[in-house]
Amino acid sequence: MAMEGNGASVSDGASKTKIPHVLTVAGSDSGAGAGIQADIKACAARGVYCSTVITAVTAQNTVGVQGVNIVPEDFVAEQLKSVLSDMQVDVVKTGMLPSIGIVKILHESLREFPVRALVVDPVMVSTSGDVLAGPSILSSFREELLPMADIITPNIKEASALLGGMPLETVADMRSAAKALHAIGPRNVLVKGGDLPDSLDAIDIFFDGKDCHELRSSRIKTRNTHGTGCTLASCIAAELAKGSSMLSAVKVAKHYVETVLEYSKDIFIGNGRQGPFDHLLRLKNGIHNSHRQGTFNPSNLFLYAVTDSQMNKKWGRPMVDAIEAAIEGGATIVQLREKDAETREFLEMAKACVGICRSYGVPLLINDRVDVALACDADGVHVGQSDMPARIARTLLGPEKIIGVSCKTPEQAQQAWIDGADYIGCGGVYPTNTKANNPTLGLDGLKAVCLASKLPVVAIGGINASNAGSVMETGVSNLKGVAVVSALFDRESVLAETRNLHAILMEAASQVK
Ligand SMILES: Nc1ncnc2c1ncn2[C@@H]1O[C@H](COP(=O)(O)OP(=O)(O)O)[C@@H](O)[C@H]1O
Ligand SMILES: Cc1ncc(COP(=O)(O)O)c(N)n1
Ligand SMILES: [Mg+2]
């Protein structure tokens, strides 16, 4: 694609705010799990405007595709012209393109109205096995669309079809396929491994013409995966529209898909094999939900990263970089714990950290300082027994923010529930240097606290790669994860340590289940 914008400026001289804009050219899914509907929701969740050119209307639900009505080519052309000629589109994302004529029209429209990037999800068969674009489309994909694309995102079956039926069964096959597809012309290739047989992780292969990256996330056990492909491609487009580099857009998108699947793994819509998920999970943690119960997702406690500015200073890394590395490695929630900084400096740091956490959809809590949490619009606070009482913090923060309380005894655990806390931080489980005069509870003390409360619990204190497994294997149902400080941040590579700990926790969690 040509890299120039297509008219971001306005001519009347007034100052106007340009909002990142993705145009999706795709099919409608009446069940709203995939297609145009998924694209709109994914862009909304990522804070990006989404316009739509509809190529086909499908009658579809969680059982499968019952009917397809292709929109006449001239009318696809008319929609494209309406949007592209007027609306400052940054990135075009394509999904279901059901005829050769529609591919041709898209090609011509993009020549007439170039955009900054083109993301092509070469949709062919829905996960339910129904054909959305037949094999006759393959040659026009290869000849017209792929060479224009900044990235293509085929799943295993689509990659195989585009390569003339090359069998794809292993990660090594996916690597070869990514390279072979790159040779057809797209700038970047992401071969998605959601359907890779026998894989414990969800593995995707990214190839930029030079380097091949293996992107892994945990494979969420859920039936609610209808629309993952559309969502991933839309999220990549959204991040590109915001100005991200390609690799970072892909990583953020993959992390977003993993987060929404985890969040939505138990929701129930439809009686078929494959349900939709909830793209707008963040609204649940935000201001739009008026019910107290259920606003906090306890599985966020799985790998809880607590920051320490001394440690980051010692290793010479800015706080935001340390946090980003922890999230990339698999941290599911971050607590900003600051003992040295003046309030103003703390607030500035907190704002930057909220920005980074929000871009990954990971909640950020502030240790102790309810005022700072309010000022930077963090997701909540964590308070100790000598900090602001949870009951008062709840009054100040309102019903939607997350509140965690440190508890050492069953009595404190019962009180936390009464006070309206969302979770308990229980420790120190093992001896630690990060807190002076902190008595050690051991696994028995941890169990006693868990059993005394209905609240989810995260274990803290001296937890690291060598003992995290035994903590998780205590197997108490409301123990949801571990919180760590030194084991992540007092180390050379925050990313590598977090990744390692995440893998250990996943392994331990699978033993317990
Ligand atoms: N159960 C899962 N847990 C986590 N990630 C998943 C899961 N299933 C699919 N993904 C991810 O979702 C994205 C879409 O992949 P895939 O399902 O293969 O595409 P499609 O929907 O086009 O068939 C990929 O990044 C893939 O790794
Ligand atoms: C209109 C439309 N577009 C795309 C897909 C693919 O989505 P998935 O591969 O997740 O079933 C779909 N099912 N319907
Ligand atoms: Mg797909």
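One is the number of the first residue; the rest follow in order along the sequence.
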Any side-chain donor paired with an acceptor under 3.5 Å for [X] and [Y]?
{"X": "R369", "Y": "T343", "result": "yes"}
{"X": "Q274", "Y": "T225", "result": "yes"}
{"X": "E507", "Y": "Q511", "result": "yes"}
{"X": "S264", "Y": "D278", "result": "no"}
{"X": "H226", "Y": "T62", "result": "no"}
{"X": "S248", "Y": "E239", "result": "no"}
{"X": "S406", "Y": "Q385", "result": "no"}
{"X": "S466", "Y": "N464", "result": "yes"}
{"X": "T170", "Y": "D173", "result": "yes"}

Within a radius of less than 6.0 Å around [atom1] of [X], do more than 12 heavy atoms belonging to other residues, nucleotides or ligands occur?
{"X": "I267", "atom1": "CD1", "answer": "yes"}
{"X": "D340", "atom1": "CG", "answer": "yes"}
{"X": "D211", "atom1": "CG", "answer": "yes"}

Q | Ring centers of F207, H213 separated by less than 6.0 Å | A | no
Looking only at heavy atoms, which two atoms of [X] and [Y] are closest? And how far apart?
{"X": "K401", "Y": "A378", "value": "NZ-O, 2.8 Å"}
{"X": "A421", "Y": "V405", "value": "CB-CG2, 3.6 Å"}
{"X": "G330", "Y": "T498", "value": "N-CG2, 4.1 Å"}
{"X": "T231", "Y": "A38", "value": "OG1-CB, 3.9 Å"}
{"X": "V362", "Y": "A331", "value": "CG2-O, 4.0 Å"}
{"X": "A233", "Y": "V119", "value": "O-CG1, 3.8 Å"}

Can we say [X] and [Y] salt-bridge, meaning some charged N sits less than 4.0 Å from an Asp/Glu carboxylate O?
{"X": "D90", "Y": "R116", "result": "yes"}
{"X": "K254", "Y": "D204", "result": "yes"}
{"X": "D490", "Y": "K314", "result": "yes"}
{"X": "E214", "Y": "R175", "result": "yes"}
{"X": "D121", "Y": "K192", "result": "yes"}
{"X": "R358", "Y": "D377", "result": "yes"}

(Q) side-chain hydrogen bond (donor to acceptor under 3.5 Å, both in side chains) for S299 and N297? Distances and angles first, verdict last. (A) CA-CA 6 Å; S299 59; N297 179 4; 2.9 Å; yes
Q: Evaluate side-chain contact (heavy atoms from CB on, under 4.5 Å) for V429 paired with I460, printing each intermediate quantity in order.
A: CA-CA 6 Å; V429 176; I460 188 164; over 6 Å; no
Q: Find out whether K221 and K265 are in side-chain contact, i.e. whether some heavy atom of one side chain is under 4.5 Å from a heavy atom of the other.
A: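 No; the side chains remain at least 4.5 Å from each other.
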Q: Assess whether salt bridge (Lys or Arg N to Asp or Glu O under 4.0 Å) is satisfied between D150 and K93, documenting all intermediate values.
A: CA-CA 10 Å; D150 291 280; K93 177 250 152 188; over 6 Å; no
Q: Step by step, work out the side-chain contact (heavy atoms from CB on, under 4.5 Å) result for F302 and I333.
A: CA-CA 8 Å; F302 188 62; I333 192 165; over 6 Å; no
Between atom [atom1] of [X] and atom [atom2] of [Y], what is the distance when rounded to the nearest 0.5 Å?
{"X": "D39", "Y": "C230", "atom1": "CG", "atom2": "SG", "value": "5.5 Å"}
{"X": "R491", "Y": "E497", "atom1": "CZ", "atom2": "CD", "value": "5.5 Å"}
{"X": "L303", "Y": "L488", "atom1": "CG", "atom2": "CG", "value": "6.5 Å"}
{"X": "S510", "Y": "M472", "atom1": "OG", "atom2": "CE", "value": "10.5 Å"}
{"X": "D379", "Y": "L364", "atom1": "CG", "atom2": "CG", "value": "6.5 Å"}

Q. According to the ring pair (Phe, Tyr, Trp, His ring centres under 6.0 Å) rule, which pairs have a member within residues 338-366, sequence neighbours left out?
A.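 Residue pairs with at least one partner in residues 338-366: H255-Y360.
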Q.
Show me the pairs that pass ring pair (Phe, Tyr, Trp, His ring centres under 6.0 Å) and involve residues 364-415, at least two apart or across chains.
A. H382-Y423
Q) Once the angle between the rings of Y256 and H279 is folded into 0 to 90°, is it parallel (under 30°), tilted (30 to 60°) or perpendicular (over 60°)? A) tilted
Q.
Walk me through whether Q335 and T307 qualify under side-chain hydrogen bond (donor to acceptor under 3.5 Å, both in side chains).
A. CA-CA 6 Å; Q335 183 196 128; T307 67; over 6 Å; no
Q: Given side-chain hydrogen bond (donor to acceptor under 3.5 Å, both in side chains), test T474 with K447 step by step and report yes or no.
A: CA-CA 8 Å; T474 52; K447 261 189 210 164; over 6 Å; no
**Q.** Residues S453, Q414; criterion side-chain hydrogen bond (donor to acceptor under 3.5 Å, both in side chains); working and verdict
**A.** CA-CA 5 Å; S453 181; Q414 281 154 6; over 6 Å; no
Q. Is there a side-chain contact (heavy atoms from CB on, under 4.5 Å) between N367 and E338 once you walk through the steps?
A. CA-CA 7 Å; N367 181 58; E338 179 53 64; over 6 Å; no
Q) Is the backbone N or O of S477 less than 3.5 Å from a side-chain atom of K480, with the two atoms forming a donor-acceptor pair by type? A)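 Yes, the answer is positive, given that a donor and an acceptor are paired below the 3.5 Å cut-off.
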Q. Can L336 and V354 be said to form a side-chain contact (heavy atoms from CB on, under 4.5 Å), step by step?
A. CA-CA 10 Å; L336 192 61; V354 166; over 6 Å; no
